[in-house]
**Q** 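Right, I'll just put the structure down here and ask away after.
The first residue in the sequence is number 1, and the count goes up from there.
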Amino acid sequence: MNDADAPAFAPLTRHDSTQVCIVGAGIAGLSLAYRLVCAGRAVVVLEDGDVANGVSARTTGHLTAMLDDRYFELARVHGDEGARLAAASHTAAIDDIEANVRAAGIDCDFQRVDGFLFTAADRDPDELRSEFEAAQAAGLAVEWLVQAPAPFTGPAIKLPRQAQLHALKYLYGLARAVVAAGGRIYTNTHVATIVGGARPLVETAQGLRVQAEHIAVMTNTPVNLRVALHTKQMAYRTYAVACAIPRGDFPRALFWDTGDPYHYVRVQRFDAQRDWLIVGGEDHKTGQADDGDARFKRLESWLKHFVPRAEPPAYRWSGQIMEPVDGLAFIGLEPGEERVFVATGDSGNGLTHAAIAARVIADAILGRENPWRDLYDPARKRVGTVREYVGENLNTATQYADWLKPAELRSTAELAPGDGGILREGMRKVAAYRDAQGRLHLFSATCPHLGCIVHWNATEKSWDCPCHGSRFDADGRVVNGPANRDLAAHERRRGGRLS
Ligand code: FES
């Protein structure tokens, strides 16, 4: 797929008003917009960049009701009924996506396929049996296999009628369908402020306002909240490679293992003789590792072990996942608000969580009951998550110790073109990037969200915050929340020394 397939939209150029204003034109925002325009609501979607150019563009397109967090864990934290509702909601989410594909006539390679969970080489096989029993108790039509389909070995859990799609094609089709049904989409429009209350509105960086009856912030992680929710989820980077393989060397199905981090793999049609084999995994906390090349190589050697005739990777990319402390996304009213909704905490199941968010939030706006509302309520408290909550926040707290650490570089002379690193100027930490022409770009290394020190990500050429996952491109422009402002340009002090 090339850029010519992407629908083009203009930026917002004047004040506007609507019934529902959606911030973010990724999978969650567009899914909600489509549902609402189909229900006859007036909708405006505002997107910082272009349609589907954020985290949604990085998904590998797996659709399954077998979640990243095990059903025995979900039952422990959310109870048996919570696990059952989670299974039902993700199953319905796949149906909703299929219904959208059909209704809007979207050509996105949507296909029903079976899903298989198998035991990673270094994991306890009993975990798989526990998951099988918990998934069955949650109402999923799982089957126990003594032998996983080749090329994998050992037992596996099979869940029939899962699905896969080409996410970008789906999102472009969804955007066109929203506009065809009367919705308005504005791109390259940065929302600077979101005001709740009885008459909510959003204000853009250019000072333009959109007044609405309801606002939905569908930005992967909410850019309108400083603290609430950001202490209940942790940002991870995940890696993926795509290799051409002879057709028939790998079955057309979804596979993932019980490793930690786990591997996930599927095929996508390439040409007349070959498929793409897409493999993901090797996750780490955002901003807490910078060894992307090594992770890509480990993915490649993992897939070569199972599919020896795989060609070298033609594509390598990484994406961001928001991992909630209790395994389920946060979807619904922003805590303390009556007309502002959020959706975040997608875990590794962003496509189905987005479809669930579309149903839950649309039902709330339309005044309909929804059986999953309480399960996904962003204000929920689950007693079983105290240990995880404390652990994650301890990890965040230790990141502030970066302020006390020495600089990574002794001087800017150590930076080759295309490299970035952290220096000090007195008490201040400075993010330094040398571009391909050798010019130096200096920014404050202080994340504008809550003040952690950003780290250089050599794979993505970005500045990543280890606390709550904000990311900035090499030029300091924000590309991932929760920060909603760019890194500040660094003003050299007279006589100040960078070291
Ligand atoms: Fe919260 Fe950077 S993302 S401090």
Side-chain angles (χ1 to χ4, degrees), residues 20 22 24-41 43 45 51-52 56 59-68 84-115 138-141 159-181 183 216 218 220 254 328-332 341-376:
V20 185
I22 297 171
I27 179 72
L30 292 174
S31 300
L32 176 61
Y34 185 61
R35 203 163 184 93
L36 286 169
V37 291
C38 289
R41 287 298 187 275
V43 171
V45 182
V51 161
S56 299
T59 173
T60 53
H62 290 230
L63 298 165
T64 178
M66 290 285 282
L67 305 185
D68 271 20
R84 198 186 62 71
L85 289 170
S89 60
H90 283 270
T91 302
I94 302 173
D95 295 342
D96 282 353
I97 291 168
E98 182 173 31
N100 289 349
V101 169
R102 292 237 166 90
I106 302 173
D107 179 9
C108 61
D109 309 327
F110 179 93
Q111 190 177 15
R112 288 283 184 174
V113 289
D114 294 337
L140 292 175
L159 183 56
R161 280 187 54 75
Q162 304 305 282
Q164 63 180 41
L165 52 63
H166 189 302
L168 220 42
K169 290 181 183 177
Y170 176 62
L171 288 167
Y172 291 164
L174 212 48
R176 289 191 179 95
V178 166
V179 172
M218 315 295 267
N220 182 246
L254 309 179
L328 294 177
F330 300 104
I331 296 166
F341 296 87
V342 293
T344 189
D346 57 0
S347 193
N349 306 99
L351 295 172
T352 45
H353 267 138
I356 293 167
R359 265 221 218 187
V360 169
I361 296 175
D363 282 352
I365 289 171
L366 298 170
R368 298 175 182 155
E369 285 297 312
N370 185 291
W372 314 320
R373 186 191 62 188
D374 293 346
L375 183 71
Y376 292 103

**Q** Hey, what do you get for CG (Asp95) to CZ (Arg112), rounding to the nearest 0.5 Å?
**A**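 Spacing of CG (Asp95) from CZ (Arg112) equals 5.0 Å.
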**Q** Are the side chain of Thr352 and the backbone N or O of Ala93 linked by a donor-acceptor pair below 3.5 Å?
**A** no
**Q** Could you measure the distance from the CG atom of Asp109 to the NZ atom of Lys169? Nearest 0.5 Å is fine.
**A**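 NZ of Lys169 is found 4.0 Å from CG of Asp109.
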**Q** Side chains of Leu328 and Leu67: does their closest heavy-atom pair fall under 4.5 Å?
**A**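 SC-SC contact between Leu328 and Leu67 confirmed.
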**Q** List the atom of Ile106, the atom of Gly173, and the distance in Å for their closest heavy-atom pair.
**A**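 Shortest heavy-atom contact: CD1-C, 3.7 Å.
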**Q** Could you list the residues that satisfy side-chain hydrogen bond (donor to acceptor under 3.5 Å, both in side chains) with Arg359, not counting sequence neighbours?
**A**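 Counting only residues at least two positions away or on another chain, Arg359 forms a side-chain hydrogen bond (donor to acceptor under 3.5 Å, both in side chains) with Asp96.
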**Q** Over all heavy atoms of both residues, which pair between Ala104 and Tyr34 is shortest? Give the atoms and the distance, please.
**A** CB-OH, 3.7 Å
**Q** Side chains of Leu165 and Leu351: does their closest heavy-atom pair fall under 4.5 Å?
**A**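 When only atoms from C-beta onward are counted, Leu351 and Leu165 do touch, with a gap below 4.5 Å.
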**Q** Would you check if the side chain of Asn220 reaches a backbone N or O of Thr344 as a donor-acceptor pair within less than 3.5 Å?
**A** no
**Q** Looking at CG of Asn100 and OG of Ser31, how far apart are the two atoms once the value is rounded to the nearest 0.5 Å?
**A**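 Rounded to the nearest 0.5 Å, the CG-OG separation comes out at 6.5 Å.
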**Q** Please name the pair of heavy atoms, one in Thr59 and one in Ala167, separated by the smallest distance, quoted to 0.1 Å.
**A** CG2-CB, 3.2 Å
**Q** Please examine the side chains of Phe110 and Arg102, heavy atoms only from C-beta on, and report whether any two atoms are closer than 4.5 Å.
**A**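 A side-chain contact under 4.5 Å is absent here.
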**Q** Look only at the side chain of Ser56 and the backbone of Ala52, and say whether a donor-acceptor pair between them is shorter than 3.5 Å.
**A**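 Side chain of Ser56 to backbone of Ala52, a donor-acceptor pair under 3.5 Å: no, none is there.
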**Q** What distance do Ile27 atom CD1 and Tyr170 atom OH have between them, rounded to the nearest 0.5 Å?
**A** 5.0 Å
**Q** List, one per line, each side-chain donor-acceptor pair under 3.5 Å for residues 362-369, sequence neighbours excluded.
**A**
residue: Asp363; atom: OD2; partner: Asn370; partner atom: ND2; Å: 2.8

**Q** Can you measure from CG (Leu140) to CD (Gln162) and round to the nearest 0.5 angstrom?
**A** 7.5 Å
**Q** What are the two closest heavy atoms between His90 and Asn349, and how far apart are they?
**A** CE1-CB, 4.2 Å
**Q** Do you know which two heavy atoms are closest between Trp372 and Ala88, and how far apart they sit?
**A**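 Nearest pair, atom of Trp372 first, then Ala88: CZ2-O, 4.2 Å.
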**Q** If I compare all heavy atoms of Ala86 with all of Leu375, which pair ends up nearest, and what's the gap?
**A**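 Distance-wise, the nearest heavy atoms are N-CD2, 3.7 Å.
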**Q** Does Thr64 reach the main-chain N or O of Met66 with its side chain, forming a donor-acceptor pair under 3.5 Å?
**A** yes
**Q** Calculate, to the nearest 0.5 Å, the distance between atoms CD1 and CD1 belonging to Ile94 and Ile356 respectively.
**A** 9.5 Å
